[in-house]
Enquirer: 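Encoded as structure tokens, here's the structure I'll be asking about.
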Amino acid sequence: MILNLSLSELCYLDDGLTLYKELEDKEAKIVGRVLAPMAISVASEDLLLKLGYALIHIHEGGLKSFDIDFTELELWTLREVSQSSMKYNGEAVGFEIKMKVYRALMDLRTKELLKGT
């Protein structure tokens, strides 16, 4: 599902997520960073790269927002990190993201239900 996110929403999400990666037995058990105080949840490399890609395009292109295609699991991850009361750069980003995520999840479920009929 595609969500259109603003620069403030993207920064809030990126700051609130930290990388989760399962390590192979042979790999050194070194974590890239300790869970940052702002980080609320973990995310896959793919999700973090999607957010980073959008951040770069907004910053370098002078855009106001950017469309990103998220999987259902990624939407649930965004829901976890979006605290309704949070403001970022003066914007109520937490609530706005939560509303966008729930709309997308409801759309997904509606499509699933319609396929079954």
Side-chain angles (χ1 to χ4, degrees):
M1 286 306 269
I2 294 176
L3 296 186
N4 182 271
L5 298 173
S6 70
L7 177 62
S8 292
E9 290 169 335
L10 286 164
C11 287
Y12 169 74
L13 289 170
D14 191 64
D15 289 347
L17 294 168
T18 193
L19 177 65
Y20 173 79
K21 183 176 180 183
E22 289 193 33
L23 301 175
E24 299 290 327
D25 288 336
K26 299 173 198 166
E27 292 184 272
K29 304 296 185 208
I30 298 172
V31 177
R33 71 174 182 165
V34 177
L35 189 64
M38 172 66 182
I40 297 167
S41 190
V42 295
S44 68
E45 289 176 353
D46 290 340
L47 176 53
L48 293 174
L49 285 172
K50 285 180 184 183
L51 297 174
Y53 181 83
L55 279 168
I56 289 169
H57 276 77
I58 286 176
H59 177 72
E60 292 180 355
L63 305 172
K64 297 219 181 260
S65 62
F66 198 81
D67 288 340
I68 307 172
D69 191 9
F70 294 108
T71 66
E72 183 176 356
L73 181 59
E74 290 170 338
L75 289 170
W76 285 112
T77 301
L78 298 182
R79 184 247 170 247
E80 286 299 309
V81 75
S82 301
Q83 296 181 17
S84 300
S85 62
M86 290 303 294
K87 291 189 177 192
Y88 201 92
N89 293 332
E91 296 177 38
V93 293
F95 181 77
E96 290 300 320
I97 295 167
K98 196 170 288 265
M99 295 304 297
K100 290 176 184 183
V101 166
Y102 275 129
R103 282 188 194 109
L105 288 168
M106 288 189 301
D107 286 349
L108 281 173
R109 292 296 160 102
T110 301
K111 288 177 185 175
E112 288 175 15
L113 289 172
L114 291 175
K115 284 181 184 177
T117 57

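Positions are given from 1 along the sequence.
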Enquirer: Once you round to the nearest 0.5 Å, how far does CG of L105 lie from NZ of K100?
Expert: 14.5 Å
Enquirer: Could you please spell out the steps behind the side chain to side chain contact (heavy atoms under 4.5 Å, CB included) verdict for Y88 and L7?
Expert: CA-CA 10 Å; Y88 201 92; L7 177 62; over 6 Å; no
Enquirer: Under a 4.5 Å side-chain heavy-atom rule over Ile, Leu, Val, Met, Phe, Trp and Tyr, are F66 and M99 clustered together?
Expert: no
Enquirer: Is K98 reaching over with its side chain to a backbone N or O of S82, donor-acceptor style, under 3.5 angstrom?
Expert: yes
Enquirer: Please tell me whether W76 and L5 are part of a single hydrophobic cluster in this structure, the criterion being side-chain heavy atoms less than 4.5 Å apart.
Expert: yes
Enquirer: When rounded to the nearest 0.5 angstrom, what distance separates CG in L3 from CG in L75?
Expert: 5.5 Å
Enquirer: Just verifying a value: how many Å separate E72 CD and E112 CD, rounded to the nearest 0.5 Å?
Expert: 5.5 Å
Enquirer: Would you say L73 and L108 are hydrophobically clustered, going by side-chain heavy atoms of ILVMFWY under 4.5 Å?
Expert: no
Enquirer: So how far is it from K50 NZ to T71 OG1, rounded to the nearest 0.5 Å?
Expert: 5.5 Å
Enquirer: Just how far is it from atom CG of L17 to atom CD of E80, taken to the nearest 0.5 Å?
Expert: 10.5 Å
Enquirer: With rounding to the nearest 0.5 Å, note down the distance linking CD in E9 to CG in N89.
Expert: 11.0 Å
Enquirer: Just by modelled atom types, is the V81 backbone N or O under 3.5 Å from a matching donor or acceptor in the Y12 side chain?
Expert: yes
Enquirer: Would you say L47 ends up clustered with L19 if hydrophobic residues are merged whenever their side chains have heavy atoms under 4.5 Å apart, either directly or through other cluster members?
Expert: yes
Enquirer: Quick check: closest heavy atoms across S6 and E91, and the distance to 0.1 Å?
Expert: OG-OE1, 3.8 Å
Enquirer: Decide whether L10 and L49 are clustered together by the hydrophobic rule: side chain heavy atoms of Ile, Leu, Val, Met, Phe, Trp, Tyr closer than 4.5 Å, transitively.
Expert: no
Enquirer: What are the two closest non-hydrogen atoms of A54 and I68, and how far apart are they?
Expert: CB-CD1, 3.5 Å
